[in-house]
Protein chains: 2
Amino acid sequence: MSVNIKELAKIIGVSISTISKALNDKSDISEELKIKIRNAAIEYSYSPNPIAKRLVAKKTNTLGVFILNRDNIPLKHYFEFQFLDGIIREANLYNNDILIFTNTNDLSYKKSYIDECKERKLDGAIFLGLREDDPFFENIQTSYIPVCAVDTEIYGENVSFVSSDNKGGIIKALEYLWELGHRDIFFISGCQNAFVSNERLYGYKSFMESKTLFNKEYIFEGNYSFESGIRAGEQLLNKKITAVVSSSDMMALGMMQYLKKNNIRIPDDISIIGFDDIISCEHSEPSLTTIAQNVVTMGRKSVDIVLNGNKSPILVETELIIRNSCKKIN
Amino acid sequence: MSVNIKELAKIIGVSISTISKALNDKSDISEELKIKIRNAAIEYSYSPNPIAKRLVAKKTNTLGVFILNRDNIPLKHYFEFQFLDGIIREANLYNNDILIFTNTNDLSYKKSYIDECKERKLDGAIFLGLREDDPFFENIQTSYIPVCAVDTEIYGENVSFVSSDNKGGIIKALEYLWELGHRDIFFISGCQNAFVSNERLYGYKSFMESKTLFNKEYIFEGNYSFESGIRAGEQLLNKKITAVVSSSDMMALGMMQYLKKNNIRIPDDISIIGFDDIISCEHSEPSLTTIAQNVVTMGRKSVDIVLNGNKSPILVETELIIRNSCKKIN
DNA sequence: TTGTACGCGTTATCAA
DNA sequence: TTGATAACGCGTACAA
């Protein structure tokens, strides 16, 4: 099919080591020979076998990405899936390959993820959807290869994480509502004990307390689903609320649907802000103001952390996307 | 970190070839020795270096997946991204790794995709979002490694494709509407000259012609976007239509929004059926009846084609998901 | 049944 | 400046 270094050497009548050096631009080869060899390499479409390179380099330039799916939902509906975009791009930028592992169905991991990496000689690993009660959580903390988790708080010698600035994002939303004159602001929380949920809840708490407006009756604990947004809406009917901040767009959309059915107008009667910026936000009626997560940057940062052995967590800025679901209060 | 075959050999006092044979369950090693060696392998956590294996096997067990993004939209909004789910699962099932390539931003390919595979010694390739006017289309057709495209019609010695049964899907929708009594059925087509669009349009044409109902005034050419669905809605106002079949959910949803704003009730005044079964279908008002594509199966089949060198195209069954956007006509 | 020796395609060391 | 050779870790004829 294509020649290898030995054949190319024979063709141009030099040794294989000369070719290797020339192509790797080593200093101890004359410029003219380098040119000659480079041209020959192109002519005979020679390119070094990456497998052989990896064998001698003892480095695979490959990162493992573990997509840890909680409820066996299809990947396409799985939020963490989106991080792949940035991960792939950033990894390619540094000539790293990524290998994706999934734990649904067939592969319920008995082997620890880190062992999997070890066997495959991977240079690092990224975890999406990692839970603190994962059987291998501690095993990951003590990993000998660099590891980064996305949206999971985890610390260790070679371990760090990246997440959105969840707390800051919620506060942005609340400040916006505050400027609009809202004081009675409801909060839809995500599942408790998850890092991002806690951070968002914490953002709500601290802002509201700073304005001495905090009322824990104004918090509903959902589970990020559309349906739990509907249930949150039910809670709202008998409360004097003018605005809602939701920990996810899905829940905000669910609530919106419920409210509209009950003849509550948005944003005239109630203002709503979501979190994530999923595509439906643009198309809902009214379109949904939301805190956008920069998933591409999050993905990129996660590979940066692994590649640079970075130890301090990274919080990625969120952005308030103003649409039509909020209104000034009179 | 962990032992290699040579060290393990020294530890248990046998030769490396004995270990290799024992672990690969060759017939010329005694059963007791095999057991002894397997146990030792576990004890010293030995596992063969996959890189070295690949070097000698001259086979990487790795498939390239090219995600060819048309308009540089983020991957998360990119429909083809969903095929990854099935691709990853099926590849893992057969102990194959996948390598993902993207052509957005940084990497606008000058090198042909097949050359990329060649350099990386990949065993096969899968193309998502491949267009017929791609500069390397012909190059792919004549690929020497097995190739499968998803949703692109392509033929070649080692080349095949997988798609939904788009024509059959549309016909399913039309038959359903027919049973419901609809006769004046509008069709929102996707961008012309794309394979799937043509198939869906062809399904509409042939069904309508078979009922001698065909009227080309009843076709609107959109571009799969929400906005083009709105434009399709505008076309509808002055036509006597009772039902609409759309080539995508996004367009159906766009049309639905427009129609509702213009006080046309769904499904009372107009029945609507979409295509794809995106998540928003469940949450729209009314929820949207649609032709579901089985993206997981499509992904799986694409790797089957590559792995088995299958030559005949595969069309995956679609499924009519009945929700609340269609109604019997009186 | 077990072991020796070579080859897979590179890079790196050291001698020429 | 160039080239011979060992090493990377494994599989596999072939010899013992």
Side-chain angles (χ1 to χ4, degrees), chain A residues 1-41 44-62 95 97 117-123, chain B residues 1-42 44-62 95 97 115 117-123:
Chain A
M1 202 68 261
S2 44
V3 301
N4 62 23
I5 198 172
K6 205 186 289 179
E7 294 161 343
L8 188 65
K10 196 168 291 175
I11 291 173
I12 42 184
V14 296
S15 75
I16 60 169
S17 52
T18 304
I19 293 187
S20 174
K21 288 176 195 168
L23 261 25
N24 289 314
D25 206 24
K26 301 290 181 186
S27 59
D28 57 355
I29 299 287
S30 69
E31 207 52 43
E32 42 187 352
L33 226 195
K34 276 185 188 173
I35 294 172
K36 182 179 168 190
I37 291 177
R38 285 197 200 110
N39 288 337
Y44 295 95
S45 72
Y46 164 77
S47 63
N49 183 324
I51 306 294
K53 279 177 91 152
R54 287 172 185 187
L55 184 60
V56 29
K58 284 177 148 304
K59 196 165 173 305
T60 53
N61 285 301
T62 305
N95 286 312
D97 293 336
C117 294
K118 194 171 166 182
E119 286 187 12
R120 290 168 167 275
K121 315 291 176 192
L122 304 183
D123 298 335
Chain B
M1 200 71 258
S2 45
V3 301
N4 62 23
I5 197 173
K6 205 186 290 179
E7 293 161 342
L8 188 66
K10 196 169 293 176
I11 290 173
I12 43 184
V14 296
S15 75
I16 61 167
S17 57
T18 305
I19 293 185
S20 174
K21 289 176 195 168
L23 261 23
N24 289 315
D25 207 24
K26 301 290 182 186
S27 59
D28 58 354
I29 300 288
S30 68
E31 207 51 46
E32 41 187 352
L33 225 194
K34 277 185 188 173
I35 294 173
K36 183 179 166 189
I37 290 176
R38 285 197 200 109
N39 289 337
I42 294 170
Y44 296 95
S45 73
Y46 165 77
S47 63
N49 183 324
I51 305 294
K53 280 177 89 153
R54 288 173 184 186
L55 184 59
V56 25
K58 284 178 148 305
K59 197 166 173 301
T60 54
N61 285 299
T62 306
N95 286 314
D97 293 335
D115 283 353
C117 294
K118 193 171 168 183
E119 286 187 11
R120 290 168 166 277
K121 314 293 176 192
L122 304 183
D123 298 335

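The chains referred to below are lettered A, B, ... by the order of the sequence lines, with proteins before strands, and numbering in each begins at 1. Note: hydrogens, waters and symmetry copies are ignored here, and every other heavy atom, side chains too, is used.
- Comparing P48(A) and S15(B) by the nucleotide of DNA chain C whose heavy atom lies nearest to each, the residue mapping closer to the 5' end is S15(B).
- At the phosphate of dG9(D), neither OP1 nor OP2 sits under 4.0 Å from any side-chain N or O atom of K121(A).
- Judged by atom type and distance alone, S20(B) does not reach the base of dT12(D) through any side-chain donor-acceptor pair under 3.5 Å.
- Surrounding NZ of K6(A) are at most 12 heavy atoms belonging to other residues, nucleotides or ligands under 6.0 Å away.
- Heavy-atom neighbours of K36(A) NZ from other residues, nucleotides or ligands within 6.0 Å: at or below the threshold of 12.
- Whole-Å rounding puts the E31(B) CD to dT1(C) C1' distance at 13 Å.
- One can place OH of Y44(B) at 19 Å from P of dG9(D), the figure rounded to the nearest angstrom.
- For the OP1/OP2 pair of dT1(D) and a distance below 4.0 Å, the side-chain nitrogens and oxygens of K21(A) include no atom meeting the criterion.
- You'll find a donor-acceptor pair under 3.5 Å spanning the side chain of S17(A) and the base of dA4(D), going by distance alone.
- dG11(D) atom C1' lies 12 Å from atom CG of L23(B), rounded to whole Å.
- Taking only side-chain nitrogens and oxygens, N49(B) never comes nearer than 4.0 Å to OP1 or OP2 of dC10(D).
- Between dT11(C) and N24(A), a contact under 4.0 Å exists linking OP1 or OP2 to a side-chain N or O.
- The nearest whole Å value for the distance from the CD1 atom in I16(A) to the C1' atom in dA4(D) is 9 Å.
- Contact annotation: K58(B) side-chain N/O to dG9(C) OP1/OP2 distance is under 4.0 Å.
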One pair to check against side-chain contact (heavy atoms from CB on, under 4.5 Å): N49(A) and N4(A). What are the steps and the verdict?
CA-CA 8 Å; N49(A) 183 324; N4(A) 62 23; over 6 Å; no

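- Using a 4.0 Å heavy-atom cutoff across all strands shown, D28(B) reaches at least one base atom of the nucleic acid.
- L33(B) comes within contact range of the sugar-phosphate backbone alone, with a heavy-atom separation under 4.0 Å but no base atom that close.
- No contact: K34(A) has no heavy atom under 4.0 Å from any strand.
- Checking each of D97(A), N61(A), T62(A) against L122(A) for a side chain to side chain contact (heavy atoms under 4.5 Å, CB included) leaves exactly one that passes, namely T62(A).
- Note: NZ (K59(B)) to P (dG11(D)) measures 15 Å, nearest angstrom.
- Whole-Å rounding puts the I51(A) CD1 to dG9(D) C1' distance at 13 Å.
- For A52(B) and T18(B), each mapped to the nucleotide of DNA chain C holding its nearest heavy atom, the one lying further toward the 5' end belongs to T18(B).
- The distance from atom CD1 of I29(A) to atom P of dG3(D) is 8 Å, rounded to the nearest whole Å.
- Expressed to the nearest 0.5 Å, how far CD1 of I42(B) lies from CZ of R38(B) amounts to 9.0 Å.
- Computed from coordinates, the L55(A) CG to dC10(D) C1' distance equals 8 Å when rounded to whole Å.
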